[in-house]
Amino acid sequence: MTEPSEETTGARSRSGSAGDQDRSERRLTRRGWTLLVSGGLFVVFALVGFFIPVPYVAISPGPTYDTLGKDAAGQSVIQVNGHEIFQTSGELRMTTVSLRDGGITLFNALGLWASGRYALAPREEYFKPGETNEQVRQENIQQLQDSQTAAQVAALRRKFPVKVLAKTIVSGSPADKVLAPGDRLLVVNGATVKEATDVRAALNGTKPGQTVQITFKSDGQAERTVPLTLAQRPDGPEGFMGLTAVDRADVPFDVKISLQDVGGPSAGLMFALAIVDKMEPGDLAGGRHIAGTGEISEKGVVGAIGGISFKVVGAREAGATDFLVPAHNCAEAKTAAPDGLNLIKVSTLDEAITQLENLKAGRPTASC
């Protein structure tokens with residue numbers, strides 16, 4: 001048996017070193033693949049984050065508009081033709097919420113959220129499936145027009161009478177082809193119609209197949225009384241004429257509300273207050289910068305709205321010191337109201353007027 005020579009030992013040592021080097025190179029190759037894949041995933045993530053939109057909308061405080069002032073075209077927001085108007089001072093600002101839709105990527109969304117000024121919400125909360133931005137815009141415009149009409153009726157019925165008109169006629173119903181939208185309703189089933197709710201009340205106790213008399217007046221024509229044979233009401237046991245009725249101010253002058261690029265129903269309260277301030281003595285705003293919000297009914301009931309937490313911020317940024325809040329929105333408004341903004345709780349138009357009179361006289365106001 002012989003001892004291994006120095007040359008043999010050296011050769012084995014060199015052979016082992018070469019194998020270690022090959023294995024090291026193979027380990028580097030696997031590390032390289034890992035880095036390459038990771039880098040690729042990062043690039044894909046970055047591209048998605050920067051360029052692929054997410055199904056969310058961004059909500060923030062929107063612009064405010066002084067309903068006692070002028071619109072962008074220089075016209076008075078509230079225009080009264082044919083009746084005395086009174087001098088006003090101060091501001092009655094309606095508030096809005098801005099909704100950003102489309103083009104919001106993941107990184108955009110994170111940035112908007114981190115700013116603290118925006119909130120993010122799933123798009124389906126604001127858009128119906130398949131609904132386009134244009135369709136939503138048209139709906140908002142219609143809601144604004146309806147709120148303007150309701151504001152006029154609520155404000156004017158304080159001092160002037162109302163009339164009741166047919167708003168819609170159901171196709172194929174007893175009223176179809178007898179009455180038309182805009183016809184004035186005077187008597188239904190022997191009951192004088194003084195406001196829209198009287199129409200439904202006049203049919204209480206009637207039955208399908210029963211004949212009732214209805215007196216109405218079409219524009220430019222004499223009064224007519226005609227019989228209608230009632231149909232089955234889809235939501236109750238009494239008879240059904242097939243029309244909806246609405247209150248409108250019965251006045252010999254015109255009130256027009258001019259405001260563009262705004263939608264939704266929540267400006268009704270501030271429109272109504274501006275009409276009252278212009279048409280009744282007393283100067284409601286009294287030189288103060290007052291803002292507010294609230295949907296309003298034709299009878300002056302103030303309803304809850306959305307986005308109150310953004311509206312109080314927008315109002316304060318516009319210089320408002322006092323904010324009229326629908327009673328149902330008070331809790332949310334308190335959590336978001338900036339320093340220096342006095343929240344005033346209201347439930348009706350008359351209540352809002354009383355609170356503004358209290359504010360002007362230095363008396364306490366109803367607080368949220």
If Ile, Leu, Val, Met, Phe, Trp and Tyr residues are connected whenever their side-chain heavy atoms lie under 4.5 Å apart, and connections chain through other members, are [X] and [Y] in the same group?
X: L259; Y: I290; answer: yes
X: L243; Y: V212; answer: yes
X: V312; Y: L269; answer: no
X: L165; Y: V153; answer: no
X: V246; Y: V188; answer: no

Next on the checklist: Does either side chain, that of Q142 or that of Q138, offer a donor lying less than 3.5 Å from an acceptor on the other one?
Outcome noted: no

Would the distance check show the side chain of [X] and the main-chain N or O of [Y] forming a donor-acceptor pair, the cut-off being under 3.5 Å?
X: Q79; Y: S258; answer: no
X: T206; Y: G239; answer: yes
X: S60; Y: R117; answer: no
X: R316; Y: D339; answer: yes

Around atom [atom1] of [X], are there more than 12 heavy atoms of other residues, nucleotides or ligands at under 6.0 Å?
X: E134; atom1: CD; value: yes
X: K217; atom1: NZ; value: yes
X: D219; atom1: CG; value: no
X: K360; atom1: NZ; value: yes

Tell me, do [X] and [Y] make a side-chain contact under 4.5 Å, heavy atoms counted?
X: T96; Y: Y65; result: yes
X: V226; Y: I214; result: yes
X: I257; Y: I78; result: yes
X: D322; Y: T365; result: no
X: L179; Y: L185; result: yes

Item to check | Distance-minimising heavy-atom pair for G287 and S89 | outcome: N-OG, 3.0 Å

Checklist entry - What's the shortest heavy-atom distance between L343 and A337, and which atoms? => result CD1-CB, 3.9 Å

List the residues meeting salt bridge (charged side-chain N to carboxylate O under 4.0 Å, His left out) with [X], not counting sequence neighbours, and say none if there are none.
X: R157; answer: E195, D247
X: E357; answer: none
X: D235; answer: R233
X: E332; answer: none

Next on the checklist: Connecting only ILVMFWY residues whose side-chain heavy atoms lie within less than 4.5 Å of each other, what is the rest of V187's hydrophobic cluster?
Outcome noted: L186

Checklist outcome for this item: Residues at least two apart in sequence or cross-chain that pass side chain to side chain donor-acceptor pair (under 3.5 Å) with E280, listed by chain then number, are R158

Next on the checklist: Checking D66 now: which residues fulfil side chain to side chain donor-acceptor pair (under 3.5 Å) with it, not counting sequence neighbours?
Outcome noted: none

For [range], pull every pair meeting ring pair (Phe, Tyr, Trp, His ring centres under 6.0 Å), keeping only residues two or more places apart or in separate chains.
range: residues 287-345; answer: none
range: residues 229-262; answer: H83-F253, F160-F253
range: residues 206-237; answer: none

Checklist entry - side-chain contact (heavy atoms from CB on, under 4.5 Å) with T192: which residues, sequence neighbours excluded? => result K194

Checklist entry - Excluding sequence neighbours, so at least two apart, what forms side-chain contact (heavy atoms from CB on, under 4.5 Å) with C330? => result V325, K345, C368

Checklist entry - Yes or no on side chain to side chain donor-acceptor pair (under 3.5 Å) for Q148 and Q152, after CA distance, side-chain angles and deciding distance? => result CA-CA 6 Å; Q148 291 174 347; Q152 292 179 34; 5.8 Å; no

Checklist entry - When you look at T95 and T64, which way does the side chain to side chain donor-acceptor pair (under 3.5 Å) test go after all the steps? => result CA-CA 5 Å; T95 51; T64 66; over 6 Å; no

Next on the checklist: Among K207, Q210, R200, which residue satisfies the side-chain hydrogen bond (donor to acceptor under 3.5 Å, both in side chains) criterion with E238?
Outcome noted: R200

Checklist entry - Ion pair present between R224 and D183, side-chain N to carboxylate O less than 4.0 angstrom? => result no

